A.B. asks: 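Got a structure for you, written out below as structure tokens; questions coming shortly.
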Amino acid sequence: MQYVAGDTPVTCPCCKHDQFDKDYRQLNSRGATFFGLDWANKEAAILICQNCSYIMWFMKSPKSQ
Ligand SMILES: [Zn+2]
């Protein structure tokens, strides 16, 4: 699947591939709430390059094309 982040089609910075799998990950890590980081429990979208498996993280979920 191809994705758009903002207005820009996403390409892999590692291998320039443009096909990705999308998944979601919680951002909370141990001790984060202690420091009052509000984003710590939010969910981030990740795109995994289908060619080289490079992972990109997004706070706003990229749209599929
Ligand atoms: Zn790649």
Side-chain angles (χ1 to χ4, degrees):
M1 191 82 80
Q2 289 181 287
Y3 291 94
V4 175
D7 294 326
T8 308
V10 179
T11 54
C12 177
C14 195
C15 72
K16 311 301 182 193
H17 199 64
D18 62 357
Q19 298 289 323
F20 299 88
D21 293 317
K22 186 159 75 172
D23 204 349
Y24 296 91
R25 289 289 182 276
Q26 292 289 330
L27 288 175
N28 55 335
S29 57
R30 207 189 315 185
T33 51
F34 176 80
F35 295 104
L37 300 175
D38 288 339
W39 49 265
N41 289 315
K42 286 184 180 169
E43 203 170 54
I46 60 172
L47 293 183
I48 305 124
C49 176
Q50 290 181 354
N51 184 51
C52 73
S53 81
Y54 185 88
I55 298 176
M56 284 178 281
W57 290 77
F58 298 87
M59 289 303 295
K60 289 182 182 176
S61 184
K63 295 187 223 81
S64 58
Q65 257 186 340

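For this chain, numbers begin at 1 and follow the sequence in order. Ligands are counted one by one from 1 in listed order, and the atoms in each one are counted from 1 as well. The figures here come from the full heavy-atom set of this structure, side chains too, leaving out hydrogens, waters and symmetry mates. Quick caveat: nothing in here was measured; it's all calculated off a predicted structure.
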A.B. asks: Under 3.5 Å, which donor-acceptor pairs link side chains of residues 13-21 to any protein atom two or more places apart or in another chain?
C.D. replies:
residue : atom : partner : partner atom : Å
Asp18   : OD2  : Gln2    : NE2          : 2.8
Gln19   : OE1  : Met1    : N            : 2.9
Asp21   : OD1  : Gln50   : NE2          : 2.8

A.B. asks: Would you be so kind as to tabulate the donor-acceptor pairs closer than 3.5 Å made by side chains of residues 57-65, with sequence neighbours excluded?
C.D. replies:
residue : atom : partner : partner atom : Å
Ser61   : OG   : Lys22   : NZ           : 2.9
Ser61   : OG   : Tyr24   : OH           : 3.2

A.B. asks: Minimum heavy-atom separation for Cys49 and Cys52, please, with both atom names.
C.D. replies: SG-N, 3.4 Å
A.B. asks: Check side-chain hydrogen bond (donor to acceptor under 3.5 Å, both in side chains) between Asn51 and all other residues, then give those that pass, not counting sequence neighbours.
C.D. replies: none
A.B. asks: When you group the ILVMFWY residues by side-chain heavy-atom contacts below 4.5 Å and let the links chain together, are Tyr54 and Ile46 in the same group?
C.D. replies: no
A.B. asks: Among protein atoms, how many N/O/S atoms lie less than 2.8 Å from the Zn ion (ligand 1)?
C.D. replies: 4
